[in-house]
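Quick notes on the structure that follows.
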Amino acid sequence: MKKGDFLWGSLLLLWIVILIIPTSREAFIAFTSTYPYLGGFIKFGILATMGDLLGVRILKDKWIVPKGLILKAIVWGVIGMVITLMFTVFTTGVAAAQSQGILPFKDSKLARAFFGSAIMNVTFGPMIYIYEKFGDMLVNTRYENNGSKLTVKNFVDGIDWYKIVSFSWLKIQTLVWIPCHTIVFLLPEEYRVLAAAFLSILLGVIIAISRKRNMNVQTEVEN
(Lines give C-alpha, C1' and ligand atoms only; values in the text may rest on other atoms or scores of the structure.)
Protein backbone atom coordinates (compact mmCIF):
# COMPACT_ATOMS: atom_id res chain seq x y z
CA MET A 1 0.00 0.00 0.00
CA LYS A 2 1.33 3.40 -0.99
CA LYS A 3 1.39 6.37 1.35
CA GLY A 4 -1.27 8.09 -0.74
CA ASP A 5 -3.57 5.08 -0.38
CA PHE A 6 -3.26 5.32 3.40
CA LEU A 7 -3.90 9.07 3.47
CA TRP A 8 -6.91 8.84 1.14
CA GLY A 9 -8.36 5.91 3.05
CA SER A 10 -7.81 7.68 6.38
CA LEU A 11 -9.71 10.75 5.18
CA LEU A 12 -12.60 8.58 4.02
CA LEU A 13 -12.55 6.74 7.34
CA LEU A 14 -12.68 10.09 9.16
CA TRP A 15 -15.91 10.95 7.34
CA ILE A 16 -17.36 7.58 8.29
CA VAL A 17 -16.35 7.98 11.94
CA ILE A 18 -17.96 11.44 12.07
CA LEU A 19 -21.22 9.93 10.81
CA ILE A 20 -21.09 6.90 13.10
CA ILE A 21 -20.38 8.61 16.43
CA PRO A 22 -23.70 10.09 17.67
CA THR A 23 -22.21 13.30 19.11
CA SER A 24 -20.22 14.24 16.00
CA ARG A 25 -23.06 13.15 13.70
CA GLU A 26 -25.57 15.35 15.51
CA ALA A 27 -23.17 18.30 15.49
CA PHE A 28 -22.49 17.82 11.79
CA ILE A 29 -26.20 17.60 10.94
CA ALA A 30 -26.96 20.64 13.09
CA PHE A 31 -24.26 22.66 11.32
CA THR A 32 -25.34 21.67 7.81
CA SER A 33 -29.00 22.28 8.67
CA THR A 34 -28.21 25.77 9.95
CA TYR A 35 -25.90 26.57 7.04
CA PRO A 36 -27.12 24.36 4.18
CA TYR A 37 -25.20 26.09 1.40
CA LEU A 38 -21.94 26.11 3.32
CA GLY A 39 -22.54 22.49 4.25
CA GLY A 40 -23.12 21.58 0.60
CA PHE A 41 -19.95 23.43 -0.38
CA ILE A 42 -17.86 21.58 2.19
CA LYS A 43 -19.30 18.14 1.40
CA PHE A 44 -18.78 18.35 -2.33
CA GLY A 45 -15.58 20.37 -2.12
CA ILE A 46 -13.93 17.60 -0.12
CA LEU A 47 -15.60 14.38 -1.29
CA ALA A 48 -15.79 15.16 -5.01
CA THR A 49 -12.14 16.22 -4.93
CA MET A 50 -11.34 12.92 -3.27
CA GLY A 51 -13.16 11.25 -6.16
CA ASP A 52 -11.03 13.16 -8.67
CA LEU A 53 -7.82 12.13 -6.89
CA LEU A 54 -8.91 8.49 -6.73
CA GLY A 55 -9.78 8.60 -10.42
CA VAL A 56 -6.26 9.79 -11.27
CA ARG A 57 -4.86 7.05 -9.00
CA ILE A 58 -6.79 4.41 -10.94
CA LEU A 59 -5.89 5.88 -14.32
CA LYS A 60 -2.17 6.53 -13.70
CA ASP A 61 -1.49 3.82 -11.09
CA LYS A 62 -0.05 6.47 -8.80
CA TRP A 63 -1.17 9.45 -6.76
CA ILE A 64 -0.86 12.79 -8.53
CA VAL A 65 -1.93 16.10 -7.05
CA PRO A 66 -3.04 18.15 -10.08
CA LYS A 67 -2.31 21.83 -10.45
CA GLY A 68 -5.16 24.02 -9.33
CA LEU A 69 -6.52 21.42 -6.93
CA ILE A 70 -7.94 24.07 -4.58
CA LEU A 71 -9.68 25.91 -7.43
CA LYS A 72 -11.14 22.65 -8.70
CA ALA A 73 -12.37 21.92 -5.18
CA ILE A 74 -14.07 25.32 -5.20
CA VAL A 75 -15.80 24.40 -8.49
CA TRP A 76 -17.09 21.23 -6.83
CA GLY A 77 -18.11 23.23 -3.78
CA VAL A 78 -20.26 25.54 -5.88
CA ILE A 79 -21.84 22.46 -7.47
CA GLY A 80 -22.61 21.24 -3.96
CA MET A 81 -24.36 24.52 -3.14
CA VAL A 82 -26.50 24.28 -6.27
CA ILE A 83 -27.34 20.63 -5.61
CA THR A 84 -28.41 21.58 -2.08
CA LEU A 85 -31.00 23.87 -3.63
CA MET A 86 -32.01 21.45 -6.39
CA PHE A 87 -32.81 18.59 -4.02
CA THR A 88 -35.38 20.81 -2.31
CA VAL A 89 -36.72 22.19 -5.59
CA PHE A 90 -37.26 18.79 -7.19
CA THR A 91 -38.57 17.11 -4.03
CA THR A 92 -41.20 19.75 -3.32
CA GLY A 93 -41.94 20.21 -7.03
CA VAL A 94 -42.68 16.53 -7.57
CA ALA A 95 -44.78 16.41 -4.38
CA ALA A 96 -46.82 19.38 -5.61
CA ALA A 97 -47.26 17.78 -9.04
CA GLN A 98 -48.44 14.54 -7.45
CA SER A 99 -50.91 16.33 -5.18
CA GLN A 100 -52.41 18.07 -8.23
CA GLY A 101 -52.64 14.87 -10.25
CA ILE A 102 -49.98 15.98 -12.75
CA LEU A 103 -47.83 13.03 -11.66
CA PRO A 104 -49.29 9.71 -10.46
CA PHE A 105 -48.92 7.71 -7.23
CA LYS A 106 -49.14 10.68 -4.89
CA ASP A 107 -49.04 8.50 -1.77
CA SER A 108 -45.95 6.57 -2.84
CA LYS A 109 -42.62 7.73 -1.43
CA LEU A 110 -40.80 5.49 -3.90
CA ALA A 111 -42.60 7.08 -6.85
CA ARG A 112 -41.84 10.56 -5.50
CA ALA A 113 -38.16 9.67 -5.16
CA PHE A 114 -38.03 8.16 -8.63
CA PHE A 115 -39.81 11.08 -10.31
CA GLY A 116 -37.60 13.57 -8.49
CA SER A 117 -34.46 11.73 -9.51
CA ALA A 118 -35.53 11.16 -13.11
CA ILE A 119 -36.66 14.73 -13.74
CA MET A 120 -33.58 16.17 -12.06
CA ASN A 121 -31.21 13.98 -14.06
CA VAL A 122 -32.73 14.64 -17.48
CA THR A 123 -33.03 18.41 -16.98
CA PHE A 124 -30.64 19.79 -14.39
CA GLY A 125 -28.12 16.92 -14.47
CA PRO A 126 -26.70 17.45 -17.98
CA MET A 127 -25.99 21.11 -17.24
CA ILE A 128 -24.00 20.19 -14.14
CA TYR A 129 -21.75 18.01 -16.29
CA ILE A 130 -21.09 20.97 -18.58
CA TYR A 131 -20.50 23.37 -15.68
CA GLU A 132 -17.97 20.98 -14.17
CA LYS A 133 -16.22 20.58 -17.54
CA PHE A 134 -16.07 24.35 -18.07
CA GLY A 135 -14.75 24.89 -14.54
CA ASP A 136 -12.11 22.20 -15.03
CA MET A 137 -11.04 23.73 -18.36
CA LEU A 138 -10.82 27.18 -16.82
CA VAL A 139 -8.56 25.99 -14.01
CA ASN A 140 -6.37 23.94 -16.38
CA THR A 141 -5.99 26.92 -18.71
CA ARG A 142 -4.84 29.13 -15.87
CA TYR A 143 -2.10 26.70 -14.83
CA GLU A 144 -1.11 25.04 -18.11
CA ASN A 145 -1.46 27.80 -20.70
CA ASN A 146 0.33 30.67 -18.93
CA GLY A 147 -2.94 32.19 -17.74
CA SER A 148 -4.37 32.71 -21.24
CA LYS A 149 -8.09 33.37 -21.33
CA LEU A 150 -10.71 31.05 -22.72
CA THR A 151 -13.37 32.40 -25.04
CA VAL A 152 -16.85 30.92 -25.24
CA LYS A 153 -15.85 29.30 -28.54
CA ASN A 154 -12.78 27.74 -26.93
CA PHE A 155 -14.95 26.40 -24.12
CA VAL A 156 -17.39 24.81 -26.55
CA ASP A 157 -14.74 23.50 -28.93
CA GLY A 158 -12.70 22.08 -26.07
CA ILE A 159 -15.40 19.63 -24.99
CA ASP A 160 -15.70 16.15 -26.46
CA TRP A 161 -19.45 16.42 -27.09
CA TYR A 162 -19.73 12.89 -28.46
CA LYS A 163 -18.36 11.47 -25.21
CA ILE A 164 -20.50 13.80 -23.11
CA VAL A 165 -23.71 12.80 -24.91
CA SER A 166 -23.02 9.10 -25.55
CA PHE A 167 -21.36 8.29 -22.22
CA SER A 168 -22.12 10.91 -19.57
CA TRP A 169 -25.70 11.73 -20.55
CA LEU A 170 -27.13 8.61 -22.20
CA LYS A 171 -25.34 6.01 -20.04
CA ILE A 172 -24.20 7.44 -16.71
CA GLN A 173 -27.02 9.96 -16.30
CA THR A 174 -29.77 7.40 -16.96
CA LEU A 175 -28.35 4.05 -15.92
CA VAL A 176 -26.36 5.16 -12.85
CA TRP A 177 -27.58 8.49 -11.49
CA ILE A 178 -31.35 8.00 -11.82
CA PRO A 179 -31.38 4.79 -9.71
CA CYS A 180 -28.69 6.11 -7.32
CA HIS A 181 -30.45 9.42 -6.75
CA THR A 182 -33.77 7.62 -6.31
CA ILE A 183 -32.19 6.01 -3.25
CA VAL A 184 -30.80 9.39 -2.17
CA PHE A 185 -34.27 10.97 -2.38
CA LEU A 186 -35.59 8.21 -0.10
CA LEU A 187 -33.10 9.21 2.63
CA PRO A 188 -33.94 11.73 5.35
CA GLU A 189 -33.44 15.28 4.07
CA GLU A 190 -30.36 15.97 6.20
CA TYR A 191 -28.44 13.10 4.56
CA ARG A 192 -29.29 13.67 0.88
CA VAL A 193 -26.58 16.14 -0.08
CA LEU A 194 -23.95 14.16 1.83
CA ALA A 195 -25.01 10.94 0.07
CA ALA A 196 -24.84 12.73 -3.28
CA ALA A 197 -21.35 13.96 -2.38
CA PHE A 198 -20.24 10.41 -1.62
CA LEU A 199 -21.62 9.39 -5.01
CA SER A 200 -19.24 11.88 -6.60
CA ILE A 201 -16.44 9.53 -5.54
CA LEU A 202 -18.20 6.84 -7.57
CA LEU A 203 -18.25 9.23 -10.52
CA GLY A 204 -14.48 9.63 -10.34
CA VAL A 205 -14.04 5.86 -10.31
CA ILE A 206 -16.41 5.29 -13.25
CA ILE A 207 -14.73 7.94 -15.41
CA ALA A 208 -11.24 6.64 -14.59
CA ILE A 209 -12.15 3.02 -15.38
CA SER A 210 -13.76 4.10 -18.66
CA ARG A 211 -10.71 6.14 -19.68
CA LYS A 212 -8.31 3.36 -18.72
CA ARG A 213 -10.30 0.81 -20.71
CA ASN A 214 -10.28 3.10 -23.76
CA MET A 215 -6.53 3.61 -23.38
CA ASN A 216 -5.98 -0.16 -23.25
CA VAL A 217 -8.16 -0.72 -26.31
CA GLN A 218 -6.28 1.97 -28.23
CA THR A 219 -2.94 0.43 -27.25
CA GLU A 220 -4.06 -3.00 -28.45
CA VAL A 221 -5.22 -1.53 -31.77
CA GLU A 222 -1.90 0.27 -32.29
CA ASN A 223 0.00 -2.91 -31.54
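Throughout, numbering of the chain's residues begins at 1 and tracks the sequence. Just so you know, these numbers use all the heavy atoms, side chains as well, and skip hydrogens, waters and symmetry mates.
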### Query
So, the side chain of Q98 versus the backbone of F105: is there a donor-acceptor pair under 3.5 Å, distance only?
yes
### Task
Would you indicate whether Y37, at its atom OH, is surrounded by more than 12 heavy atoms from other residues, nucleotides or ligands within a distance under 6.0 Å?
no
### Query
Does T32 reach the main-chain N or O of I29 with its side chain, forming a donor-acceptor pair under 3.5 Å?
yes
#### Entry: A30 backbone acceptor or donor facing T34 side chain under 3.5 Å
yes
### Message
I'd like to know if the side chain of R57 reaches the main chain of W63, judged simply by a donor and an acceptor atom lying under 3.5 Å from each other, with no hydrogens or angles considered.
### Response
no
### Message
Could you check whether any side-chain N or O of W15 sits under 3.5 Å from a backbone N or O of K43, counting only pairs where one atom can act as donor and the other as acceptor?
### Response
no
### Task
Evaluate the side-chain proximity of L187 to L194: yes if any heavy-atom separation is below 4.5 Å, no if none is.
no
### Task
Let me see the working for I178 and F114 under side chain to side chain contact (heavy atoms under 4.5 Å, CB included), right down to the final yes or no.
CA-CA 7 Å; I178 289 180; F114 172 76; 3.9 Å; yes
### Query
Given the rule that I, L, V, M, F, W and Y join up when any side-chain heavy atoms are under 4.5 Å apart, are Y191 and I183 in one cluster?
no
### Full working for side-chain hydrogen bond (donor to acceptor under 3.5 Å, both in side chains) between T151 and N154
CA-CA 5 Å; T151 64; N154 288 337; 3.2 Å; yes
### Query
Do I102 and F115 belong to the same hydrophobic cluster, where Ile, Leu, Val, Met, Phe, Trp and Tyr are linked whenever their side-chain heavy atoms lie under 4.5 Å apart, directly or via other members?
no
### Message
Assess the residue pair I130 and W161 against the criterion (side chain to side chain contact (heavy atoms under 4.5 Å, CB included)); give the C-alpha distance rounded to whole Å, side-chain angles, the decisive distance to 0.1 Å, and a yes or no.
### Response
CA-CA 10 Å; I130 300 304; W161 288 101; 3.5 Å; yes
### R112 (side chain) donor-acceptor with T91 (main chain) under 3.5 angstrom
no
